Amino acid sequence: MEYNFRAIEQKWQETWKREKTYRVETDKSKKKCYVLDMFPYPSGAGLHVGHPLGYIASDIYARYKRLQGFNVLHPMGYDAYGLPAEQYAIKTGQHPEKTTMENIARYREQLDMIGLCYDWDREVKTCDPDYYKWTQWAFIKMFNHYYDTKACKAKPIADLEKHLESYGTEGLTAAGSKELFFTAEEWNAMDVKAKSDTLMNWRIAYKAETMVNWCPGLGTVLANDEVSEGLSVRGGYPVEQRKMSQWSLRVSAYAQRLLDGLETIDWTSSLKDTQRNWIGRSEGAEIKYKIKGRDEEITIFTTRADTVFGVSFMVLAPESEWVKKLTTPEHEAEVAEYVAETKKKTELERKSQHNFTGVATGSYAINPFTGEEVPIWVAEYVIAGYGTGAVMGVPAHDSRDYEFAKKFGFKIKSLIEGADVSEHSVDAKEGIVTNSPAEGLESELNLNGLTVKEAIEKTKRFVAEKGIGQVKVNYRIRDAIFSRQRYWGEPFPVYYKQGIPTMVPEECLPIELPQVDKYLPTETGEPPLGNAKVWAWDEVNKKIVENTKIDNQTVFPLDLNTMPGFAGSSAYYLRYMDPRNNDALVSQEADEYWQCVDLYLGGIEHATGHLIYSRVWNKFLVDLGVAREEEPFHKLINQGMIQGRSNFVYRVKGTNTYVSAGLKDQYDVQPIHVLIDFVKNDVLDIEAFKKWSPEYSDAEFVLEDGKYVCGWAVEKMSKSMYNVVNPDNVVKDYGADTLRLYEMFLGPIEQAKPWDTKGIDGVHRFLRKFWALLWDGDTLAINEEPATQAELKTLHKTIKKIGEDIENFSMNTAVSAFMIALNELKVCRKRSILEPLTILLTPFVPHIAEEAWHLLGHTTTVCDASWPVLEEQYLVEDSVQMPISFNGKVRFNMELPSAMSKENVEKTVLADERTLKQLEGKSIKKVIVVPGRIVNIVC
RNA sequence: GCGGACGUGGCGUAAUGGUAGCCGCGCUGGCCUUAGGAGCCAGUGGUUUCGGCCGUGUGGGUUCGAGUCCCACCGUCCGCACCA
């Protein structure tokens, strides 16, 4: 019987769908396992072969766990909001919802074709009002909470208000944008607007005038992870710094918990390091410097407290609030011009020019350790958003300060014994401190003779004790800007009451995205939602007015921003647990059962975006008591990108003649990308190529060995390179099972690798071989004969290997193990072997396995079979025990391969004198020998 | 600059510190076929006087034994980057 994969795959896919084979319910009698793929953004291009890599791997794991008896939650959905659909809408006037739904339908079709075991009854779409209701709900909760730095959790903002009413900011333990100081009286005297503005300093979701990444090309602000080297990640448009009033999430408050959580989860160390880098914890000290002739103090942050004796200047960031205060009248013009100049530059320009510019303010700071006066400058190399936006310049031990000092002629004073600072600074935190204080100088603090690390600690202690400053931990991670001036996203559940941002009552949710007639900003520069004629004024406002029982003549404007892409993807894994619940994001019961994602699969590109935001979002929900697990994703695997393998033809310049790759060096040629569908194993289908374009219809070819061989290169998979491999075609030619098996066989799952169809025949051949075992001609050939020892050994070796490999996500070696097993079994058609083998194959190639399972006489799905039990007894190596003694002293039992004679062993051991010497007098438990050498001696 | 990962045949890759190159592709030879982009069998790191010898980026080290562990260097890739 021929292996008719098309018929088999169609048959079972229909059956699984009809019978809802992969539906899952909470079942307390079974252990749960939650296996999740990062849900895709449904782009217009459909899936290419790179997408399913992770889906197939997780599908294998999910099916394996199910066979092991786990209740497996394995859902799929769509991250449906996004820029491409909106840009398409702007171009064509087509509603983004329409294109998005079409793309989703296409994705679904492609996903179904691969035979993935999702429970589609749990599908979620982020653009679905029933879904984003809970995104808006979480936002309201964040607005109504602050982060208590002592309790290390979010608490109701009402608690904080109570504190302010009684004590002012005295004793307040709340993560805030700025340090504020006021008394209870001052607070109580504030009007509603002032109170609202003040509370924004602590709310977890807050609106504030901050420096944001403004991208004129996209017409919206962006979060830090959406900007790379001064360009927008999407589109590559320049991004500039602007002060704007925008919503933000206080993710910085969760910095330490984000770091601590990393210790408890099973992610790769490189991904953890990437997140640690992004969070950027650094321990140091804040030190206060008095300003000469004034009553104020300026605070700087440093990790090198040991270098206080080498300070020769101070630098402020151009955006620092101190700049205005400290600039003396005679420097005003110069400073103003400098600040204006810096403002004009884009982020990219500021970073790319490594020149150290700056101007003096005319003020001086007094070094609290030495009494020395040092000039205060403004320079763009200091960033406003980090630390206090002011630094102490220590040229000898900081390379940036060094360059600045060289340029402007500041003193460079080495503080480390033997450090040569004549050419460059010595930044390393090592060596013995000297000149601290320098000879003849008096100071209460003396660091001389200490190591740098000791000196840092001593200075920190000193600073804290004397009240000159405090020990301080700084994080680089910034709060996430949360509003976007776009159409296709979640609307904010916010309206403005006398200019005060106010949350829509929860019972009014969801605030649905309104229809607009155009997707561009309004003529007055409002975001696209400003074009909506209906929602703000009628429906929603009526709802709000009714619910808040305010004078219904009043009309409140709604917030016209939408939420960023990461909003909808931050808690979707919780929603899958209970996707149709209209009363809660997730029921207590469902959350208690499913808890968290056991295995999460997705691309590394989300390392500092989604994987940070959803961890913060989850922690917030934990603080609220809605979620229970501090870390949402226990084990995470990043599948590597699949690159394209482009093919070229070589046109002889100025002709329409094409030269085969092996001969191209003999001509002056120009390589041209050719559609890879015309190429098989690098051999060009000349007829297809000629029909591709009129330009090629009368092309001439110079062949080698009668064939036209194409050149190739590994490039990103993209339409313009003509190298996109569509899984549909592979499924059509080889079947879904071959596609699945081949994608796993390609190499380690985490690794980036080019898609290369060269080996696909190999795995297809394997499936045909397996199929052939079931058949003798057109009749079933399965027999009931007992298996031999050798066959059982092969079987159990395979059971062991496949189980281990799936657990370790080493899918490529698992595929090899199947091939080895089949090679060893030859034409074994015994039920006792084929049946367990079929179960082992099920996670990898479910269609053919299901068919084989039924051919073996079963009537229920193979998904409900049990994973074969490993019987170690069959795995024992063939060996004989042989007592051997040397010189009457060393005596041991040897475990030898049966093929080896006693004489050979003695020869081998005796030849190795050093080994013998070591063994003398010792008691040896076991010596393992392979022909020619000792491989293991156990004493 | 800081942090991390990696370097093995013609190619993708495999090796709990224990016979390096499993499995697949490709290639060579044979069988079978009207035919082969089908199937089956055998071979396939280099070198060799057929005993061996040499081989995992380079150079050292630890070990009875190193692709694997340690040190230095070279190279490739990734993340962060005027973060004080």
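Because the structure is a prediction, the values reported are computed rather than measured. Order of the sequence lines fixes the chain letters, A, B, ..., with proteins taken first and strands second; residue numbering starts at 1 for each chain.
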State, without any angle test, whether [X] and [Y] hold a side-chain donor-acceptor pair at a distance under 3.5 Å.
X: A/Ser282; Y: A/Tyr386; result: yes
X: A/Ser252; Y: A/Asp479; result: yes
X: A/Thr794; Y: A/Glu824; result: yes

Any residue meeting salt bridge (charged side-chain N to carboxylate O under 4.0 Å, His left out) with A/Glu321, in chain and number order, not counting sequence neighbours
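Listed in chain order: nothing, the list is empty.
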Quick one: salt bridge (charged side-chain N to carboxylate O under 4.0 Å, His left out) partners of A/Lys406, sequence neighbours excluded?
none
The criterion is ring pair (Phe, Tyr, Trp, His ring centres under 6.0 Å); which residues satisfy it with A/Tyr402, sequence neighbours excluded?
none
Sequence neighbours excluded, the answer for ring pair (Phe, Tyr, Trp, His ring centres under 6.0 Å) partners of A/Phe844 is A/Phe818
Quick one: [X] [atom1] to [N] [atom2], roughly how many Å, whole number?
X: A/Lys800; N: B/U16; atom1: NZ; atom2: P; value: 11 Å
X: A/Tyr402; N: B/G1; atom1: OH; atom2: P; value: 17 Å
X: A/Glu430; N: B/C2; atom1: CD; atom2: C1'; value: 14 Å
X: A/Tyr289; N: B/A84; atom1: OH; atom2: P; value: 16 Å
X: A/Asp398; N: B/C2; atom1: CG; atom2: P; value: 14 Å
X: A/Tyr742; N: B/C11; atom1: OH; atom2: P; value: 16 Å
X: A/Trp267; N: B/C78; atom1: CH2; atom2: P; value: 22 Å
X: A/Lys429; N: B/G1; atom1: NZ; atom2: C1'; value: 14 Å

Opposite nucleotide pairing with [N], Watson-Crick or G-U, both atom distances under 3.5 Å:
N: B/U58; answer: B/A72
N: B/G3; answer: B/C78
N: B/A84; answer: none
N: B/U44; answer: B/G26
N: B/G37; answer: none
N: B/G17; answer: none

Take atom [atom1] in [N] and the same atom in [M], then report the distance between them in whole Å.
N: B/C2; M: B/U56; atom1: P; answer: 31 Å
N: B/U8; M: B/G1; atom1: C1'; answer: 32 Å
N: B/C22; M: B/G12; atom1: C1'; answer: 13 Å
N: B/G60; M: B/C23; atom1: C1'; answer: 35 Å
N: B/C69; M: B/U76; atom1: C1'; answer: 23 Å
N: B/U68; M: B/G61; atom1: C1'; answer: 15 Å
N: B/A20; M: B/A66; atom1: P; answer: 11 Å
N: B/G24; M: B/G43; atom1: P; answer: 13 Å

Output yes when at least one side-chain N/O atom of [X] is less than 4.0 Å from OP1 or OP2 of [N], else no.
X: A/Arg768; N: B/G39; result: yes
X: A/Thr274; N: B/G4; result: no
X: A/Tyr381; N: B/A84; result: no

Mutual orientation of the aromatic rings belonging to A/Phe313 and A/Phe404 [parallel < 30°, tilted 30-60°, perpendicular > 60°]
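Ring orientation, 0 to 90° scale: tilted.
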Using a strict 4.0 Å threshold on nitrogen-to-oxygen distance, state whether A/Arg281 and A/Glu283 make a salt bridge.
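Salt bridge: yes.
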Quick one: which of [options] gets closest to the side chain of [X]?
X: A/Asp273; options: B/C82, B/G4, B/A84; value: B/G4
X: A/Phe356; options: B/C82, B/G4, B/A84; value: B/C82
X: A/Ile383; options: B/C82, B/G4, B/A14; value: B/C82

Syn if the chi torsion is within 90° of 0, anti otherwise; quick check, which is B/G9?
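You should classify B/G9 as syn.
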Torsion-based syn/anti label for B/G51, 90° from 0 as limit:
syn
Partner set under side-chain hydrogen bond (donor to acceptor under 3.5 Å, both in side chains) for [X], not counting sequence neighbours:
X: A/Glu457; result: none
X: A/Tyr708; result: none
X: A/Asn474; result: none

Can you give me the N/O atom pairs linking the protein to nucleotides 7-10 of chain B at distances under 3.5 Å, or say none if there are none?
none

What nucleic acid atoms does [X] come within less than 4.0 Å of, heavy atoms only: base, sugar-phosphate, or nothing?
X: A/Pro748; answer: sugar-phosphate
X: A/Arg281; answer: nothing
X: A/Ser269; answer: nothing
X: A/Asp401; answer: nothing

Closest to the 5' end of RNA chain B, once A/Thr302 and A/Leu746 are matched to their nearest nucleotides, is A/Leu746
Nearest-nucleotide wise, let me know which of A/Trp278 and A/Thr303 is further upstream toward the 5' end of RNA chain B.
A/Trp278
I need the single residue from A/Trp755, A/Tyr734, A/Phe766 that forms a ring pair (Phe, Tyr, Trp, His ring centres under 6.0 Å) with A/Tyr742. Which is it?
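So the option named by the test is A/Trp755.
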Below 3.5 Å between N/O atoms, which protein atoms pair up with nucleotides 22-24 of chain B? Just atom names and distances, please.
| from | atom 1 | to | atom 2 | distance (Å) |
| --- | --- | --- | --- | --- |
| B/G24 | OP1 | A/Asn823 | ND2 | 3.4 |

